[in-house]
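From a predicted model like this one, the values you see are computed outputs, not experimental measurements. In the text below, chain A, chain B and the rest are named by the order of the sequence lines, each starting its count at 1.
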Protein chains: 2
Amino acid sequence: MSSAMPPFAMSSVDRGSIGDMLSDFFRTLETRDALGPTERDALVGAVSDVRVHPEGDTLIRAGQHAEHSTLLLDGMVARASYMAGGKRQFVAIHVPGDFVDLHSLLLRRLDHDVVALSDVRVALFPHAALRRISEEHAHLTRLLWLLTVIDAAIHREWTARLGHSAAVRMAKFLCELHARLDLIGGATPQGFPLPLTQAVMADIIGLTPVHMNRTLRNLRESGLAVVRDGLASIPDLAALRRFADFNPAYLYREPEPR
Amino acid sequence: MSSAMPPFAMSSVDRGSIGDMLSDFFRTLETRDALGPTERDALVGAVSDVRVHPEGDTLIRAGQHAEHSTLLLDGMVARASYMAGGKRQFVAIHVPGDFVDLHSLLLRRLDHDVVALSDVRVALFPHAALRRISEEHAHLTRLLWLLTVIDAAIHREWTARLGHSAAVRMAKFLCELHARLDLIGGATPQGFPLPLTQAVMADIIGLTPVHMNRTLRNLRESGLAVVRDGLASIPDLAALRRFADFNPAYLYREPEPR
DNA sequence: CGCCTTGTTGAAAACACTCAACTAGAGTGG
DNA sequence: CCACTCTAGTTGAGTGTTTTCAACAAGGCG
């Protein structure tokens, strides 16, 4: 998984195991609505490639014409917007089971980069295959559409975070990531892995690295959360959520007919 | 259009004029892809009601079960998120031709309020009718899907705005609104109507009203924009865009096959 | 070992917020 | 007609948060 290693294309013998690889994705979908076996097969059949990328790789560049959408299987990726002056702001962060750029099916070119925050493994869905799904599977299409509008709901929450202090913003982020990881079994009530540098977290929250450091100390000293050594420890989740005024409703984690 | 007047339900004789009322909406769609006559008819046929609301009305409340989606015909509405302490943050603002809550078709209940920033007229699309479109018109469904992902792209831009000074944030907002109004013929290179109080603009940008006032004075004195009496005057649009580092690519205003 | 990245802390400056006061105009009722 | 009230906008002064600039410690890795 070194930086020099080229993206690895799936061999045909792996086809049978794609369903396993998509388990987090299926869980993400079924959290929102039931998935039929035909729909499951259609999704498995739409995967063209599985690839790995090392931490730091830019998987997709803003403005590039997109021919496929990317599902995250393992690791973390972020979507990055670069401003005049080279400053970077992350506009989204993704965990396994998330479609990173399903919206590129409609947009054709993205308004942001996609970068690997850790070593990652992704599955590629060619737009031709997704368009076929949109022609033949109306309900599944609505489920995919749903994923993009939940993505937008998370964007809204990030926008609304703007009005709060650094500590509350960071607490909100920890609560959100905890809830999203919990959905795929990646968190316990006591915490979750968070293999990000303070500089990266600063670009997520919209702070300078220096102030992110002070904010983390602040959270640590108030006993709300300890972020250290690639781990977020949460002594009292309810207390953290109270402090962050966190309401997970915007993640739409309940099944409804769509 | 008084506050006491109940929402006005369309009489059947108005049916023929719905196509006219949707002209801004059709323009919004056709900016992104060609629309067939069958698709146009399907959209016209999906409208159940036309209603008016006075300024200040809350059209939709967060958490309410939604039975229809709302298209803005005239006026301006915003989507509002309320925080602990009663502080309000707008997470989106809409101009005629925008679907305000197309995403409620998938989400079923919204994570934000929708409030009228002026007297408004809206068209209602029952979810049953939209779901029928999603079963029978795959291409039109992708166009509607596209509208929601452009909405998300605007959310991302608002999130990325976070890292800038108050003056740049406001300048970015003015550039965006200018570009969006221009699409439906609602702006000239010299400016556009902006019937919002400074308090409302403060809730959009994420500032206190006092600081919004100073920021507007700042923009005025640097000759970049004069916001006054419900009007945004822009002496030199290119200069404002340079100052704001504004790139309208995220609005996806070019037609592409979808 | 030297070099790089990451994390940490201090001090000063910049930015935005709060509190407070005051103006101007629209609308109301005596 | 005028006083009253309300909202919107404006300005000043003081406070608090976040940034900037700078320096340094700890650890990984060539």
Checking contacts here: which listed nucleotide ([options]) is nearest the side-chain heavy atoms of [X]?
{"X": "B/V210", "options": "C/dA16, D/dT20, D/dG12", "result": "D/dG12"}
{"X": "B/N213", "options": "C/dT8, D/dG12, D/dG9", "result": "D/dG9"}
{"X": "B/A166", "options": "C/dA16, D/dT20, D/dG12", "result": "C/dA16"}
{"X": "A/R214", "options": "D/dT20, C/dC17, C/dG7", "result": "D/dT20"}

Do you know which two heavy atoms are closest between B/M170 and B/L219, and how far apart they sit?
CG-CD1, 3.8 Å

What closest approach, in Å, do B/A116 and B/V77 show between heavy atoms, and which atom pair accounts for it?
CA-CG1, 4.2 Å

For B/R217, answer base if it contacts any base atom (sugar-phosphate contacts may also be present), sugar-phosphate if it contacts only those atoms, and nothing otherwise; contact means non-hydrogen atoms under 4.0 Å.
sugar-phosphate

Quick one: [X] [atom1] to [N] [atom2], roughly how many Å, whole number?
{"X": "A/L117", "N": "C/dT6", "atom1": "CG", "atom2": "C1'", "result": "16 Å"}
{"X": "B/M201", "N": "D/dG9", "atom1": "CE", "atom2": "P", "result": "7 Å"}
{"X": "B/L207", "N": "C/dT18", "atom1": "CG", "atom2": "C1'", "result": "14 Å"}
{"X": "B/L216", "N": "D/dA8", "atom1": "CG", "atom2": "P", "result": "15 Å"}
{"X": "B/I205", "N": "C/dC17", "atom1": "CD1", "atom2": "P", "result": "12 Å"}
{"X": "A/L196", "N": "C/dG7", "atom1": "CG", "atom2": "P", "result": "10 Å"}
{"X": "A/R169", "N": "C/dA16", "atom1": "CZ", "atom2": "P", "result": "13 Å"}
{"X": "A/D229", "N": "D/dA26", "atom1": "CG", "atom2": "C1'", "result": "12 Å"}

Partner of B/R79 under salt bridge (charged side-chain N to carboxylate O under 4.0 Å, His left out), picked from B/D111, B/D151, B/D98, B/D101, is B/D151

For B/H112 and B/H103, take the angle between the two ring planes, folded into 0 to 90°, and tell me which bin it lands in: parallel under 30, tilted 30 to 60, perpendicular over 60.
tilted

So, B/Q89 and B/Y82: side-chain donor and acceptor under 3.5 Å apart, yes or no?
no

Any side-chain N or O of B/Q198 less than 4.0 Å from the OP1 or OP2 oxygen of D/dT10?
yes

